[in-house]
Amino acid sequence: MTPATQMGSVLTAFGDRIETVLDSLLPASGSAERLYQAMRYALFGGGKYLRPYIVDASADIFEVPQVASLRTGAAVEMIHAYSLVHDDLPAMDDDDLRRGRATCHRAFDEATAILAGDALLTLAFQTLAAPETHSDASVRADLVASLADSAGGRGMVGGQMIDLESEHVQVGAAAIRDIMRLKTGALLTFSAMAGAILGQADARARESLRNFGSDLGLAFQMKDDLLDVEGDEESLGKRVAKDAEAGKATLVSLLGVEGARREARRMSDAALAHLDCFGTRADRLRAVADFVLARDH
Ligand code: GRG
């Protein structure tokens, strides 16, 4: 079995566990039923659940109870799902296909997709703030502040803004890396750090996991850009060659396919080096770094 297939099965099994938690947080019926249908459509659409898996693997290092790691992972997945729904809208990427099926605004309508994204964003913070996530209020406040920092204007949303502004503009490798660290890396960084927050670990452990997540984010986005060039619509479940079409410079267009592959490997190795201090307790995170490069979707 290749590392990618092995991790694929691990993620499938984990997917059942995280979906149970997400399902309990999003009742299918009740008021605003259409809104909840769209939220559930965005969450349960065949995603890899990589971010909640990283939260769980990071929490495992500190022997955090699984109810805490799964609820925190569910909150990150809500933010991730909202970002994809909004990114697919006509005002942004204007995509019809995501995860091999209609994007949320195509399956429902634009207004519903915007509101579903808004409600997922809000529910993420509500989930973290609930006492069921952690008995210590200062830990919950830390989770809320850190996720807000990663997902907001100084993180993912800010990265998306800079990315949009960079279309049809000459940008260099350093600027592209900065965008990747924000747009893609910020949420992966929070996911990696979340275990240390939940486990009330010391500042050094937290910093190591922050650096792991940040470098992993770069490797992940480089692989995503490579798949945009080399992958096919069927296995990716989304449109390909989007960057070239949007006139967007990426490390693939700047360094070529081989250069970008080397760079992705370099960042994955850099990510792995930050795990040395955790010994075998970080093996699940190591497997994630291998998977990020080996994946085909
Ligand atoms: C629009 C608020 C807003 C933010 C936009 C995350 C993002 C920022 C845009 C989504 C599009 C994009 C290319 C994001 C980069 C991160 C990325 C490659 C996401 C896809 O993540 P996977 O592969 O998706 O983990 P699945 O489908 O497995 O959940």
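Note that the structure is predicted; figures quoted are calculated from it, not measured. Each ligand, and each atom within it, is numbered from 1 in the order the structure gives.
Other residues, nucleotides and ligands contribute over 12 non-hydrogen atoms within 6.0 Å of the CZ atom of Phe125. For Arg106, the CZ atom is loosely surrounded, since the number of other residues' heavy atoms within 6.0 Å does not exceed 12. Within 6.0 Å of the CD atom in Glu132, the count of heavy atoms belonging to other residues, nucleotides or ligands exceeds 12.
Every residue meeting the ring-ring contact (aromatic ring centres under 6.0 Å, His included) condition with His86, not counting sequence neighbours, appears here in chain and number order: Tyr82.
Here the side chain of Ser191 pairs a donor or acceptor atom with the backbone of Leu187 at under 3.5 angstrom.
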Any protein N/O atoms within less than 3.5 Å of an N/O atom in ligand 1? List the atom names and distances, or say none.
| from | atom 1 | to | atom 2 | distance (Å) |
| --- | --- | --- | --- | --- |
| ligand 1 | 21 (O) | Arg51 | NH2 | 3.2 |
| ligand 1 | 23 (O) | Lys48 | NZ | 2.6 |
| ligand 1 | 24 (O) | His80 | NE2 | 3.4 |
| ligand 1 | 25 (O) | Arg51 | NH1 | 2.8 |
| ligand 1 | 25 (O) | Arg51 | NH2 | 3.4 |
| ligand 1 | 27 (O) | Arg99 | NE | 2.8 |
| ligand 1 | 27 (O) | Arg99 | NH2 | 3.4 |
| ligand 1 | 28 (O) | Lys48 | N | 2.9 |
| ligand 1 | 28 (O) | Lys48 | NZ | 2.8 |
| ligand 1 | 29 (O) | His80 | NE2 | 2.8 |
| ligand 1 | 29 (O) | Arg99 | NH2 | 2.8 |

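Not less than 6.0 angstrom separates the ring centroid of Tyr49 from the ring centroid of Phe14.
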